[in-house]
Amino acid sequence: MNKIIIVNGPNLNLLGEREKNQYGSFTLKDLEKKCTEYAKKNNITLSFFQSNEEGELINQIQNSRNNQDGLIINAGGYTHTSVAIHDALKILKIPIIELHISNIYNREEFRHKSLISRIAKGVICGFGIEGYTMSLEAMNKFLDK
Ligand code: CA2
C-alpha cells in the first residue's frame, strides 16, 4: 500500500469560487473527495495538505521525507518563483510529480518557467481536476515498478 501526499499551494483553497473558466467549478473539497475515492479503489494511503504560506508548505514537504512514498505538488504561483520550495523538494528522496490544473504553457509567459520541473519525476498539466487522479495513477504505477 503506497503512501502518497497531495500538496496544494496558495489560492487553491478558493477553487470553484472564481476564475472558473481557467480552473473549473470544482472546489478543493470536491477534488479531495474524488482523489479519496480513487485512493480507496487503488489501495493508496492518501493525505492532503493545502496552505497559502510558503513556510508551511516547506515544513510539510520536509515532514514528508520520512513518512511518505511519493509526493504530488501543485505549488500554485510558487511554482514560478520559489527557490525555497525547490530546495525543500530537492532534499526529498521520494518521487515528486508536479501538477497543474491549467496548461501553464499556453498561458502568460511568466507561468512557462517552473522551478519544480527539473527535480520532478514528471509533470501533469492542463487536464483540470482529472490531473489529480492522473497523477495518483502515475505515482502509484511508478512506485509499484
Ligand atoms: O494551473 C494550476 O494549477 C496553477 O498551479 C494554479 C495557480 C497558478 O498560479 C499557476 O500558474 C498554475 C493559481 C491558483 C489560483 O487558484 C485560484 C482558484 C480559484 C480562484 C482563483 C484562483
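The residues of the chain are indexed from 1 along the displayed sequence. Remember, it's 1-based here, ligands and their atoms both numbered in the order they're listed.
Taking only nitrogen or oxygen atoms, main chain and side chain alike, Ser102 reaches within less than 3.5 Å of ligand 1. Taking only nitrogen or oxygen atoms, main chain and side chain alike, Arg107 does not reach within less than 3.5 Å of ligand 1. Where the criterion is an N or O separation shorter than 3.5 Å, residue side chain and backbone included, Leu15 fails it with respect to ligand 1.
Close approach of ligand 1 to Leu14 (heavy-atom distance below 4.0 Å) involves ligand atoms 18 (C), 19 (C), 20 (C). For ligand 1, the atoms closer than 4.0 angstrom to any heavy atom of His80 are 10 (C), 11 (O). Interface atoms of ligand 1 facing Asn11, defined by a heavy-atom separation under 4.0 Å, are 15 (C), 16 (O), 17 (C), 18 (C).
Residue contacts with ligand 1, taken as heavy atom pairs separated by less than 4.0 Å, involve Asn74 solely via side-chain atoms from C-beta onward.
Between Thr79 and Leu115, every side-chain heavy-atom pair lies at or beyond the 4.5 Å cut-off. Considering only heavy atoms from C-beta on, Leu12 comes within 4.5 Å of Ile101 through its side chain. Residues Ile94 and Arg65 are not in side-chain contact: their nearest non-hydrogen atoms beyond the backbone lie 4.5 Å or more apart. Between Met139 and Asp69, the closest side-chain pair of non-hydrogen atoms is not below 4.5 Å. Using a 4.5 Å heavy-atom cutoff, the side chains of Cys35 and Leu46 are in contact. Residues Lys3 and Asn67 have side chains in contact (heavy-atom distance under 4.5 Å, counting atoms from C-beta outward).
Looking at His100, Glu108, His112, it is His100 that brings a heavy atom closest to atom 4 (C) of ligand 1. Of the candidates Glu19, Glu98, Arg111, Gln22, Arg111 brings a heavy atom nearest to atom 9 (O) of ligand 1.
Closest protein heavy atom to atom 7 (C) of ligand 1: Gly76 CA, 3.6 Å.
Side chains of Gln68 and Asn66: no donor on one and acceptor on the other come within 3.5 Å.
At least one heavy atom of Ile104 sits less than 4.0 Å from an atom of ligand 1. Remark: distances from the non-hydrogen atoms of Glu17 to ligand 1 are all 4.0 Å or more. Ligand 1 has no atom lying under 4.0 Å from any heavy atom of Lys20.
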